[in-house]
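None of these values were measured; they are calculated from a predicted model. In what follows, chains carry the letters A, B, and so on, assigned in the order in which the sequence lines appear, proteins first and then strands, with residues in each chain numbered from 1.
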Amino acid sequence: MKLAKNYEPNQYEADIYDLWEGSEAFTPKKGSHKDSFTIVMPPPNANANLHIGMGLTVAIQDAVIRHRRLKGKHALYLPGADHAGFETQSVYEKHLAKDGKSRFDFSRDELYAQIWDFVDENRGIFEKQVRQMGASCDWSRYTFTLDQKIIDQAYKTFKKMWDEGLIYRSERLVNYCTLHGTGFADIEVEHKEVNGKIWSIRYPLTDGSGEIIVATTRPETMLGDTAVAVHPKDPRYKDMVGKTVRLPLTHREIPIIADEYVDKGFGTGAVKITPAHDFNDSEVGKRHDLPVVQVISHGGLINHNAPEEYQNMDVSAARIRVVENLQKQDFLVETKDHLHSVGHCYKCGTVIEPMLKQQWFLDMKPLATEAIKVLKAKKITFYPDSKRQQLITYLENLWDWNLSRQIAWGVPIPAFVNIDDNEDWIFCDEVTKEEIEKNGKTYRRDPDVLDTWFTSSSWPYATLSESDQQQFYPNSLMETGGEILQPWVSRMIMLGLYEKGKIPFEEVYIHGYVMAEDGAKMSKSVGNVIDPMPVVEKYGSDAMRMGLISGRSAGVNRGYDNRRVEEARNFCNKIWNIARFVEDKLDQKPLKSFSPKPKTESDHWILHKLTEASDQINKNLENYKLSEAYDVLYHFVWDDFADWYIESAKTAPNAPILAHSLCSILKIAHPFAPFLTETIWQTLHPDDKSLLINQTWPKIGTYSKSKSDDFEKVQKVISEIRHIKTTLQIKKGGLYYIHAPFINLQSNLIKSLARLESVEQVRDGRGLTLISVDEKCWLDIDFESAERFSKQLAGQLGDIEKQIEILQSRLKNSTYVDKAPKDLVRESKDKLENLKKEHDLLSTQIAQYKGDL
RNA sequence: GGGUGAUUAGCUCAGUUGGCUAGAGCACCUCGUUUACACCGAGGGGGUCGGGGGUUCGAAUCCCUCAUCACCCACCA
C-alpha cells in the first residue's frame, strides 16, 4: 500500500480507532501501583454535545496517557459521564417548556424516567465524539455517575458520616432559587454587582422618646424584622439599647439590641434584623434568641405572616409597595443609589432568596482540616502551583455543605422519617420505596436528592473495583478546568482522605478555558459556543488536538484560534510527506526493521538532534508542559529533519537512518497526533499486526558528537550563502545549484557538500559560475544579488563591532569578573574571541568580495 | 471589600531558579515552473518586553508604585 499524496484524516481516523479499540491497547495490564499511571476522566455532562473545551481536555489527557503508555507504564484512562443533577434537569425543563409543559406536570418518578431516556440518548452521542477525538480510554471501565457502584459508594459514605455525626439535619437559611424551587450550595451562587438603592427608614421608639433610623437595601423584608441592632460601643445609640421600637407598617414591637456584627461606619449605624431572610441576621438572631418571622414563601411571594395588603405579592412588587407606604406615612428619611453585590441563581439569574429550610448539612470542618494539611505539606503537586494556595484559602473559609436538592434528577437521599413525629430519622438504602416499616412504625422517604457533587466526589475510587484500587488508587493525575477546582477537586481530596485515608491523586493539572475567538467567554445564550466536531471533520482530530495545545499553558484562559489548527494541519501533512519520501527509500521493507548506521556528518547530526528532541519532549511531557513539548517536536521535525536532513540526504539517501528517524518521529509525535502516526505506521508495516500505540519510546541513538558538530559548521556556511541569495537546490539527478558571490566561500562549500577537489570557473556579464570537474555540482554567482549582499555584510560587521564593544566593556568591569559565575565569564571571553575572529573573517571577505566584482 | 493573573512583533501567544544579539505561528515583503510536501522551499522587514522608580556587574524575569484588562472569592445592612 502506498501513501496518498495528501493526508486526508477522515479517510483513516475511524478505522484506526476501531483497530485500537478492537485490540487490547486501551486496557492496561495488571501490575503494581508504581508501574501504573491513571487518569480518571472528569465526567462531562451527559446532557448535551461536547464543546471545544472537551477537545482540549481530551488533547491534554490523551497526550499524557499515550506518552506514559509508550514509556512502558500500565496506563489507564477511565472514561465517564455525569448525570449533572440540576444542570441536566434544567436542560430538560427547557425541552418541556417547548411543549408548553413544566416539570410540575409530572411526578418525581415520571420525571426521573423521562430524563433518564433523554440522557441515555445524549450519552451515545458524547461517547462517539470522545472516540472521534481519539481518546484512548478503556471503555470496559466506563462509568456513569448513576451507576449502582457510585450510588452504593455515596450511601456508604453518607451512612458513615451520619454515624459519626458529620451529617446533620437542620432548619437553616439556604440559598434558594424561587424559580427552580431548590436550594443550592454556597459555591453555586453567582454574585453580581447590582445598581440598587439604599433606603433609610425611621423606626419610632415605643416610649415616644425619639426614633432610630435604619438603612436597608431590602425594605420589603422589614415585614419580618424582629429587632434593630446597633454596635455595643456606638455612643449615638448607647442609651437606646434595651428599649423597643414600633415597626412601621406591621406595628409590631421589637427590641433594640447591641451586637458586634454592626459596622458603626456603614449607613446610619443601625441595622434592621430579619433572621428569616438574611444570613447575617440569622446569626445575630441566634445569638440574641430572637423570634424568626418568615414573610417570603418558597414560591417567592409574601406570605400570611405579613399584613394582608402585601400577601401574595412577589418580592419586587412588595418592595415598591412598602416604599410607597413608608413615604406616605412619613417613615422614609432618604433614598440613595447603592452599588452592591447580590447572589443570583447561576442557571436562570433569579435573585437568590435566603430561605429557611429543613435540609441535610455536612460539617466540613474536620474534612477540610485534613485536606488543608495535605495541601500545605505539598503531598499533591499542582500545575500551576498557585491553584494549591487558592484551594487552601477556599477550604479555610468553608461553611457547612447543604447536601439537599429539591429536584427529581439525582440520587435520592437515603433517609426516612417517622411519619408520626417527623423527627426520628433512620438511614436505609431502600430508596426505591416511598415508605418502609420498621419496628412497627412507618417511615417516609425524604423526597430530596443529593447534591450531584456529593456522588461525584468519590470519583477517583468509586469508579474502580476493589482490585483496581490496589493498582490505580491514588490516581496519578487529575486534569480538569479551573471552574471546578473548588466544587470538585477540593471535595475529592476531602472525601478521598475520609474514605480511603489517602490522597485521591498525586498531581493536579488545571487547564484554562477555551474562550471564543474574540476572547469572550463561550456561552450558549450569547451563541458563541464552538462545536469541535466541524473542526475535526475539516482539519482532522490530530490537527484540532495540536491546535488547542499549541501555545497554551496551564491555568491560562485563551481564545480558540483557528490559525493554530491550520498550522497543526499543515504539520500533519508535513509528517505525512516525510513518510512518503522515506517510504520510497525503504525498498518495501517494514519501517522498524532498519538499524541505523551513521555514515556522513549529517547522519550523526540528525541522530544527535533526534536524541535531544525525544529527550526534551519526554521531560516536557513529564512536567506537563504540553505546549513546549509540541513546540520541540514541531521544530525538530520541520526545521531539522525535513528542511536540513532530508534535503541533504537527497543526493545519497541513507535508508536505515531515514527509516530509524521516521520510526522515532512517529513515536514521539504519537501523543500529539495519534491517528496520523498510527496510519503511517500501519501503512509501512503491511504484513505486521503491531500497533504504534503499543511501541516503546525511542532509545538514545549512538552518534559521534564531533561529526555532528562538523555538520553544524557546514550548515552555517550554507546559511550564509543562502542569506546572500536564496537558492541551494537540487536538480534532477542530484545536482547542487547555488547562487553566491564569493569564490572562496563557494569553493569551500562545494567541497564540503560534494567532497570535490577542484572546481572550474566560468564568467559572464551577469555573474560567475563554478562547476565541479565531474559537472555534478555548480555554483551560479549573481553580481546583482552580490551587490545587495555587500550592504548587508557591512551591517553585519557593524553589529559584530557593537557586540565586541559590549563584551569588552563587560570584561573590563572588575565587579562583573568577580561576581558573575565563572563559567559565564569564561563564556564571555570565548565569545569575544570568536567575535573577533568572525570580525576578521568578515573584513577579509568584504575585501575579497570587492576583488571578485 | 479581599485575592489571583495578565500587559512582550500587526494578530494570538511562548519565554521554569536574573545571564547567548528577546522567540514561535499566522499576517506582510522579495525570490523560486525543484517527483516528499504550494497544507511547499529560501530569504527579509517589524518589538525602548504597559508607564515610572529601585535592587544588581547584569532585569521581560526580583522589589515598590501607577495605569489598563481579566478572572475568582465574599454573610457589610
Side-chain angles (χ1 to χ4, degrees), chain A residues 3 5-7 173 186-187 191 198 214-218 221 229 261-263 265-268 270-274 278-283 338 340-341 343 354 384 386-387 389-390 393-394 397 399 482-483 485-486 512-513 517 519 521 539 543 550-553 555-564 566-584 623 625 627-628 631 634-635 642-643 646-647 650 719 722-732 737 739 785 792 799-800 802-803 806 810 813-821 824-825 827-828 831:
Chain A
L3 294 168
K5 188 174 174 195
N6 277 326
Y7 178 57
L173 280 182
D186 296 333
I187 192 92
H191 289 84
I198 187 161
V214 302
T216 179
T217 54
R218 299 201 55 191
T221 61
Y261 148 73
V262 180
D263 177 354
F266 188 91
T268 58
V271 191
K272 58 191 256 345
I273 299 296
T274 323
D278 183 282
F279 288 99
N280 293 311
D281 294 6
S282 170
E283 294 299 310
H338 182 59
H340 63 140
S341 169
S386 57
K387 301 288 175 187
Q389 189 52 51
Q390 208 173 308
T393 315
Y394 171 73
N397 299 307
W399 288 38
E483 76 278 14
L485 181 71
Q486 278 120 339
Y513 307 111
E517 283 185 275
K521 207 167 183 170
Y539 298 104
S550 167
R552 195 181 284 274
S553 48
V556 177
N557 299 343
R558 231 190 78 200
Y560 170 79
D561 189 346
N562 206 57
R563 291 173 309 186
R564 293 280 182 178
E566 280 182 6
E567 165 203 331
R569 188 270 316 265
N570 295 352
F571 183 48
C572 288
N573 196 51
K574 193 73 188 176
I575 296 180
W576 182 259
N577 276 291
I578 286 170
R580 287 180 64 215
F581 178 83
V582 175
E583 183 187 27
D584 253 7
N623 295 314
K625 296 184 175 177
S627 175
E628 284 90 330
D631 204 55
Y634 183 93
H635 287 106
D643 290 345
I646 287 192
E647 290 308 325
K650 275 178 175 169
S719 296
R722 279 176 177 174
H723 187 72
I724 303 161
K725 170 133 193 195
T726 29
T727 37
L728 163 60
Q729 285 162 359
I730 292 82
K731 288 261 183 198
K732 275 182 198 167
Y737 181 83
H739 287 268
S785 52
Q792 289 180 353
D799 286 347
I800 290 176
K802 250 183 248 166
Q803 282 178 59
I806 292 167
R810 187 185 289 175
N813 186 332
S814 56
T815 34
Y816 169 74
V817 178
D818 288 349
K819 289 187 180 176
L824 193 74
V825 177
E827 240 174 69
S828 298
K831 208 180 143 197

What about Lys574(A), does its side chain sit under 3.5 Å from the base of C37(B) through a donor-acceptor pair?
yes
Can you tell which of G19(B), C13(B), A14(B) lies closest to the side chain of Ser553(A)?
A14(B)
Picking from C57(B), A36(B), U16(B), which would you name as closest to the side chain of Lys625(A)?
U16(B)
Of Glu517(A) and Asn280(A), the one whose closest nucleotide on RNA chain B sits nearer the 5' end is Glu517(A)
Give one of base, sugar-phosphate or nothing for Trp399(A), where a contact means two heavy atoms less than 4.0 Å apart.
base
Taking atom types as modelled, is there a side-chain donor on Tyr539(A) or Glu566(A) under 3.5 Å from an acceptor on the other?
yes
Between C1' of A24(B) and CG of Asp643(A), the distance in whole Å:
15 Å
Testing U56(B), G19(B), A24(B) for proximity to the side chain of Lys819(A), the answer is U56(B)
Pairwise P distance, U61(B) and A77(B) [rounded to whole Å]:
40 Å
From CD1 (Ile273(A)) to CD (Glu283(A)), nearest 0.5 Å:
11.0 Å
Under a 3.5 Å cut-off for both contacts, is G5(B) paired Watson-Crick or G-U wobble with anything, and if yes, with which nucleotide?
C69(B)
What contact category does Leu485(A) fall into here, base, sugar-phosphate, or nothing, at under 4.0 angstrom with non-hydrogen atoms?
nothing
What's the closest nucleotide to the side chain of Asn577(A) if the choices are U16(B), A36(B), U12(B)?
A36(B)
Can you tell me how far P of C72(B) sits from NZ of Lys387(A), to the nearest Å?
10 Å
Please state whether the base of A36(B) and the side chain of Glu647(A) form at least one donor-acceptor pair under 3.5 Å?
yes
Would you kindly check if the NZ (Lys) or CZ (Arg) of Arg810(A) is within the cone defined by 45 degrees around the ring axis of Tyr816(A) and under 6.0 Å from the six-membered ring centre?
yes
So, OP1 or OP2 of U4(B): does either fall under 4.0 Å of a side-chain N or O from Ser386(A)?
no
Could you tell me whether Tyr261(A) contacts a base, only the sugar-phosphate backbone, or nothing, with contacts defined as non-hydrogen atoms closer than 4.0 Å?
base
Tell me if the side-chain of Arg564(A) makes a donor-acceptor pair with the base of U12(B), cut-off 3.5 Å, by modelled atom types.
yes
Nearest heavy-atom pair of Asn397(A) and Thr393(A): which atoms, and what distance?
ND2-O, 2.9 Å
Checking base pairs now: Watson-Crick or wobble, both atom distances under 3.5 Å. What partners A60(B)?
none
Within the 3.5 Å criterion, strictly below it, is a donor on Ser550(A) or Arg564(A) matched to an acceptor on the partner's side chain?
yes
Can you check whether Asn557(A) has a side-chain N or O nearer than 4.0 Å to OP1 or OP2 of A70(B)?
no
If you assign each of Trp576(A) and Thr815(A) to its closest nucleotide in RNA chain B, which residue comes earlier from the 5' end?
Trp576(A)
base_contact_polar (C11(B) base, Arg563(A) side chain, donor-acceptor, <3.5 Å)
yes
From the candidates C75(B), C37(B), A14(B), the one with an atom nearest any side-chain atom of Glu628(A) is A14(B)
Do Arg569(A) and C39(B) have a side chain to base donor-acceptor pair shorter than 3.5 Å?
yes
What is the distance from OH of Tyr560(A) to P of G25(B), rounded to the nearest Å?
19 Å
When you get a sec, tell me which of C40(B), A74(B), U21(B) is the closest nucleotide to the side chain of Lys831(A)?
U21(B)
Just so I know, are the side chains of Asp281(A) and Tyr261(A) near enough to count as touching, which here means a heavy-atom distance under 4.5 Å?
yes
Minimum-distance nucleotide (side-chain atoms of Asn570(A) versus A14(B), C39(B), G19(B))
C39(B)
Nearest whole angstrom, please: distance from the P of C75(B) to the CG of Asp278(A).
11 Å
In the structure shown, which nucleotide is the Watson-Crick or G-U wobble counterpart of A24(B), with both distances under 3.5 Å?
U12(B)
Starting at atom CG of Asn623(A), determine the distance to atom P of G15(B), rounded to an integer number of angstrom.
13 Å
Rounded to the nearest 0.5 Å, what's the gap from CZ on Arg218(A) to CD1 on Ile198(A)? Could you check?
13.5 Å
